[in-house]
There are 2 protein chains.
Amino acid sequence: MNKKDMAKYQARADIIKALAHPTRLFMVDQLGEGEKCVCELTDMIKADTSTVSKHLSVLKSAGLIRDDKRGTSVYYQLKVPCLKGFFGCIENVMRNNVKEQMELLK
Amino acid sequence: MNKKDMAKYQARADIIKALAHPTRLFMVDQLGEGEKCVCELTDMIKADTSTVSKHLSVLKSAGLIRDDKRGTSVYYQLKVPCLKGFFGCIENVMRNNVKEQMELLK
DNA sequence: TGCTTACTTGGTAATATAGCCAAATAGCCA
DNA sequence: TGGCTATTTGGCTATATTACCAAGTAAGCA
């Protein structure tokens, strides 16, 4: 693998890494249904506000969401609609994994 | 977020985490073009065989690839064709991030 | 101005991940 | 059998990630 390819895969990995956490996946799902402020997400997730804020900043740095401050609240929006297809793929993997577990038990 | 949802997002995250590394993304790309043995991948990646083997086992545990031992070699194959669409989505994000960087410089 | 709510940032401890070396295992062939 | 090649596993250190608390910033309002 040459240097340029390495950089390409590193850049991909950085974005995927931003998605690789249950709380952040939940956020992406929620934001897929419409913008939410930090306080709304904090309520749903039941973690410290600072924790939620940091997860959001990871998604934002990766370019997956956008923020919009209105008054004292900050609203976040999903920038990337194509993620839905991706999650479909992940669900396929999960279904298949379960299927294989079941085969083992037969 | 209730316990069941939490488990769902955790399971998704575990699979995504398996993809969240440049070397493993390279492997997935390579295996997408056809099966390869550990030694071939080791040559391409130029890391210790043990490192390559461990990356492959991460992908395998996630259910993304399958192994097939023939003689002294172990051949790995991609199990999940839908990943190609996913990478397309990630490339979109990367392109958009660059675009926004450029806007900033205008 | 001073208070309150909403959010971000810095610091820290616990945990997870990555890479290498060394050692173990497995199949092939002389 | 003994040796060779291919691969996996265990152990270790370095680094990254996560979550919380505490402190800082920012906007609205009495």
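Here is how names work: the chains are called A, B, and so on, in the same order as the sequence lines, proteins then strands, and each is numbered from 1.
- In this structure the side chain of B:L64 never reaches within 4.5 angstrom of the side chain of B:K79, judged on heavy atoms.
- In this structure, the side chains of A:F87 and A:L25 come closer than 4.5 Å at one or more pairs of heavy atoms.
- Between the C1' atom of D:dA6 and the NZ atom of B:K36 lies a distance of 18 Å, rounded to the nearest Å.
- Rounded to whole Å, atom P of D:dT5 lies 16 Å from atom NZ of B:K69.
- Computed from coordinates, the B:K54 NZ to C:dA18 P distance equals 11 Å when rounded to whole Å.
- Counting any heavy atom pair closer than 4.0 Å across all strands shown, B:T49 reaches a base atom.
- With hydrogens and angles ignored, the 3.5 Å screen pairs no side-chain donor or acceptor of A:R24 with any backbone N or O of A:L56.
- Comparing D:dC21, C:dC7, D:dT7 by their closest approach to the side chain of B:C37 singles out D:dT7.
- As rounded to whole Å, 15 Å separates atom C1' of D:dT18 from atom CG of B:D14.
- Remark: C:dA30 base-pairs with D:dT1; criterion is Watson-Crick or G-U wobble with both hydrogen-bond distances under 3.5 Å.
- Rounded to whole Å, the distance from CE on B:M27 to P on C:dG19 is 10 Å.
- Residue-level contact check: A:Y75 touches neither bases nor backbone, having no heavy atom under 4.0 Å from any strand.
- Dashed line: the shortest gap from a side-chain N or O of A:H55 to OP1 or OP2 of D:dA19 is under 4.0 Å.
- Straight-line distance from the CG atom of A:D67 to the P atom of C:dT9: 10 Å, rounded to whole Å.
- Between the CD1 atom of A:I65 and the C1' atom of C:dC7 there is a distance of 14 Å, rounded to whole Å.
- Across all strands, A:S50 comes closer than 4.0 Å to base atoms (heavy-atom distances).
- Phosphate contact (OP1/OP2 of C:dG19, side-chain N/O of B:T51, threshold under 4.0 Å): absent.
- Listed candidates were C:dC21, D:dT18, C:dC7. Nearest to the side chain of A:V74 is C:dC7.
- DNA chain C is contacted by both B:T23 and A:V52; A:V52 maps to the nucleotide lying nearer its 5′ end (nearest heavy atom per residue).
- Proximity note for A:T72 (side chain, C-beta onward) versus C:dA6, D:dT7, C:dC7: the nearest is C:dA6.
- Following rounding to the nearest Å, B:K60 (NZ) and D:dT9 (P) show an atom-to-atom distance of 8 Å.
- The structure places CG of A:L31 at 9.0 Å from CD of A:Q77, a figure rounded to the nearest 0.5 Å.
- Geometrically, B:R66 does not engage B:Y76 in a cation-pi contact, judged by NZ or CZ lying under 6.0 Å from the ring centre and within 45° of the ring axis.
- When the nearest nucleotides of DNA chain D are assigned to A:R70 and A:A47 by heavy-atom distance, the more 5′-ward of the two goes with A:A47.
- Considering only side-chain N and O atoms, A:Y76 lies under 4.0 angstrom from the phosphate OP1 or OP2 of C:dT8.
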